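Both counts, for ligands and for their atoms, begin at 1 and track the order of listing. Quantities reported herein were computed from a predicted structural model and do not represent experimental measurements.
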Amino acid sequence: MRERRITQPDIRNVIAARVSRRGFLLGSGTTLGAIAAQGFVGSLFAGQAVAQTAQSSLMFSELKRVYDDTHHVADGYNANVVVGWGDPMKAGQEVVDVATLDAAAQAERFGYNCDYIAYMPLPKGSQSSDNGLLCVNNEYVSFNVMFPDLPDDGEGGAKMTAEQVALCNMAIGHSIVEVKRTDGVWAVVQDSTYNRRFTLETPFAISGPLAGHDWMKTSYDPEGKMVRGTNYNCGGGVTPWGTVLTCEEGASDTFGGDIATTPFPDVLERYGYDGSDYYGRARFDSRFDVSVEPNEPNRFDWVVEIDPYDPAAMPIKRTALGRMAHEASTVMQNKDGRVVVYMGDDDYFEYVYRFVTEAAYDPANPASAKDILDAGTLSVAVFNEDGRLTWLPLTQGTGPLTAENGFATQADVLLKTRIAADLLGATPMDRPEDIETNPVTGRVYAVMTKNKKREAGKLNPVNTRPENFWGHIVEMIPPGGAGAEADHTADTYTWDLLMMAGNPADAATGATFHPDTTENGWFVTPDNITFDPKGRIFVATDGANDFDIADGVYGMDTEGPARGLPKLLFATPEGAEATGPFFTPDGTTLFVSVQHPAENADTVATVGTRWPDFRGDNLPRPAVVAITRIDGGEVAS
Ligand code: FEO
Ligand code: CA
Ligand code: CA
């Protein structure tokens with residue numbers, strides 16, 4: 001999620017002041033006691049000059065801490081750019097200077113700010129790790145480093161020209177490109193018929209309980225069954241039947257107009273809509289003005305299903321999965337055949353969700369997957385003090401979700417998912433980002449990136465640090481056994497904390513990494529995660545620049561003596577976050593998105609990096625890199 005920087009004081013000063021205050025608070029022992037009670041992996045790091053990392057199962061020499069204008073990877077590895085903003089995706093297209101792109105050209109080229117990546121093997125159903133489709137979200141645009149004289153001061157959107165806004169509308173959404181590995185190097189297959197763009201103008205079908213609902217009808221779509229475009233595509237997931245889920249992470253600052261004029265100001269307010277029109281869209285297209293088209297916001301903030309193997313397939317917004325600032329949608333097939341989707345709502349004090357399909361998926365009968373995500377039970381998580389995690393169903397007619405409370409139908413529950421979850425007493429979290437399942441243990445990991453707004457009086461069993469600038473990772477443990485035996489449909493799990501992030505050398509952070517963690521290995525602000533085939537977690541961070549270190553990717557054991565001991569594998573260039581980590585099935589390639597390089601600059605004139613091209617005065621370009629071992633072996637093995 002783009003952090004609004006407009007009205008914030010310098011975050012680094014805020015952190016410095018709060019940390020010194022926390023040092024005093026921790027002196028009372030109260031918070032440390034709470035930390036110890038959760039059974040953490042190790043004691044606080046004591047700042048050893050020479051750390052012992054021999055216990056880690058991750059076999060690579062850790063990258064030394066580095067933060068400059070380019071990317072870096074551990075010795076013995078390559079990190080090559082595969083595809084980036086403006087790159088060709090059609091036969092005959094030339095590589096051009098992205099400063100010359102117009103909307104029509106952008107609509108046929110790779111989008112901006114790459115985020116979630118799914119690698120989908122070719123042919124479909126194979127385990128091919130040398131040829132596949134990269135399905136990549138293009139979350140948003142950093143216009144301050146795309147166009148001259150458009151500072152990120154809250155006024156940029158109002159100053160953009162119609163042409164600039166149109167280009168930006170084509171630069172977001174999702175990009176599918178076929179990629180092939182030849183002699184160890186990944187490259188785009190430029191003339192592949194699978195290559196495809198989804199933008200703010202692409203038609204999307206609406207399915208599930210909200211299809212045809214009155215609140216979904218607009219002048220463009222009087223039937224409420226078709227949306228133009230997708231927006232803020234952040235995390236995602238892959239289904240067992242070979243489709244990709246892309247998550248709309250809240251379109252609140254995309255709209256202009258006065259929300260008080262709509263029939264549902266309380267709902268839009270609960271979803272953060274403020275009419276700010278941050279990207280200038282409402283000035284040129286009245287569908288982004290809620291005073292003109294009040295239902296248009298209701299048509300975003302969903303999970304979208306894309307079939308990358310069928311270039312003619314229309315993408316579908318699956319409303320049964322709820323309306324929120326969707327960060328991720330990790331899909332598991334449970335042992336009984338039902339399909340489970342874990343989802344986080346990435347905003348301050350929002351919740352962790354789970355969807356369980358009503359029907360079972362039968363791989364022998366591909367038709368059983370059709371519309372299976374349209375019917376099922378959406379639940380929200382309560383983390384209890386006794387270590388139990390309870391999933392509470394968001395089902396109309398149960399508990400307080402009644403007509404008297406504004407929930408006459410399941411469609412009402414889904415349109416107002418957050419409000420329904422409030423009523424059920426869900427546990428407010430420190431900004432839930434990615435959620436992924438360890439394929440070996442069956443344990444589920446939910447990443448809380450940070451929450452500077454958490455006050456000391458608002459702590460709960462699983463969010464234990466006030467002014468949490470550093471983030472933490474929650475472990476959710478389904479009953480029934482390990483791996484495929486785990487029951488991801490159970491009403492009750494147990495939970496634990498994998499670790500709390502922060503610099504362990506600064507006890508005031510309350511960080512709880514393994515005691516052997518080195519000065520290079522600790523991290524802050526975890527965001528996206530993935531697992532390699534051996535069940536080791538790889539954590540990508542977003543927000544480390546506030547601590548004067550690079551965002552990057554860290555590998556870490558979740559089991560055994562080195563549980564909670566991270567090692568730095570990859571560092572991004574200045575201003576960028578690392579996101580969307582995804583392995584090929586054989587574990588020899590880890591794809592990672594380098595999102596918003598140089599975004600920390602006020603304008604193009606002051607960018608700190610022109611990554612990845614470094615050609616004269618070229619613009620910085622977000623891009624996907626492929627991390628591989630130089631000898632071609634499995635990453636970290
Ligand atoms: Fe798009 Fe929650 O990061
Ligand atoms: Ca983020
Ligand atoms: Ca994210």
Side-chain angles (χ1 to χ4, degrees), residues 1-5 8 11 111-118 136-142 172-174 230-237 245-254 271-272 278-279 300-304 324-330 342-353 418 429-436 445-453 468-474 501 523-530 538-547 550-554 572 575-582 591-597 599-600 622 624:
M1 183 172 65
R2 184 184 64 81
E3 276 282 343
R4 293 178 182 80
R5 294 186 293 153
Q8 286 178 12
I11 190 79
Y112 201 85
N113 271 348
C114 39
D115 201 302
Y116 177 78
I117 302 167
V136 185
N137 282 340
N138 301 113
E139 185 182 14
Y140 68 100
V141 283
S142 307
I172 60 171
H174 191 87
T230 188
N231 192 1
Y232 270 121
N233 302 74
C234 190
L245 303 183
T246 170
C247 295
E248 299 181 329
E249 197 190 20
S252 58
D253 63 0
T254 280
Y271 279 83
Y278 185 81
Y279 298 97
F300 292 88
D301 308 355
W302 302 104
V303 171
V304 184
M324 64 193 79
H326 284 283
E327 170 70 25
S329 49
T330 297
Y342 291 103
M343 299 174 285
D345 183 356
D346 180 11
D347 215 332
Y348 299 94
F349 305 107
E350 293 302 340
Y351 310 127
V352 168
Y353 295 86
R418 284 182 174 178
M429 309 296 284
D430 285 349
R431 288 191 49 197
E433 293 253 21
D434 206 355
I435 304 180
E436 299 285 338
Y445 293 83
V447 179
M448 305 304 126
T449 193
K450 59 184 169 186
N451 184 354
K452 62 178 183 273
K453 299 181 183 176
N468 178 4
F469 295 109
W470 313 279
H472 57 284
I473 302 181
V474 181
F523 58 78
V524 289
T525 54
D527 187 330
N528 286 168
I529 54 174
T530 196
F538 288 74
V539 180
T541 70
D542 169 20
N545 292 179
D546 287 337
F547 299 81
D551 276 311
V553 178
Y554 301 77
T572 63
E577 71 172 273
T579 183
F582 200 99
F591 293 105
V592 177
S593 285
V594 174
Q595 196 191 75
H596 58 71
E599 188 192 47
N600 54 338
V624 174

Checking distances from atom 2 (Fe) of ligand 1, one finds that the N, O or S atom of Asp346 closest to it is OD2
min-distance N/O/S atom, Glu327 vs atom 2 (Fe) of ligand 1, resolves to OE1
Determine the interplanar angle of the Tyr279 and Tyr232 rings, folded into 0 to 90°, and report it as parallel if under 30°, tilted if 30 to 60°, perpendicular if over 60°.
-> perpendicular
So the angle subtended at the Ca ion (ligand 3) by Asp527 atom OD2 and Glu433 atom OE1, rounded to 10 degrees, is 80°
To the nearest 0.5 Å, atom CG of Asp546 lies from atom NZ of Lys450 at 5.5 Å
Geometric class of the Tyr116/Phe582 ring pair [parallel <30°, tilted 30-60°, perpendicular >60°]: perpendicular
Looking at Glu327, the N, O or S atom sitting nearest the Ca ion (ligand 3) is OE2
Partner of Arg431 under side-chain hydrogen bond (donor to acceptor under 3.5 Å, both in side chains), picked from Asp346, Thr449, Asn451, is Asp346
In Glu433, the N/O/S atom nearest atom 2 (Fe) of ligand 1 carries the name OE1
Practice task
Taking both backbone and side-chain atoms into account, decide whether Glu249 has an N/O/S atom under 2.8 Å from atom 2 (Fe) of ligand 1.
Solution key: yes
Partner of Asn233 under side-chain hydrogen bond (donor to acceptor under 3.5 Å, both in side chains), picked from Asn137, Thr246, Asn113, is Thr246
Does Asp527 bring an N, O or S atom to within less than 2.8 Å of atom 2 (Fe) of ligand 1? no
Rounded to 10°, the SG/Cys234 to atom 1 (Fe) of ligand 1 to OE2/Glu139 angle comes out at 100°
What one should report as the nearest heavy-atom pair of Gly543 and Phe547 is O-CD1, 3.9 Å
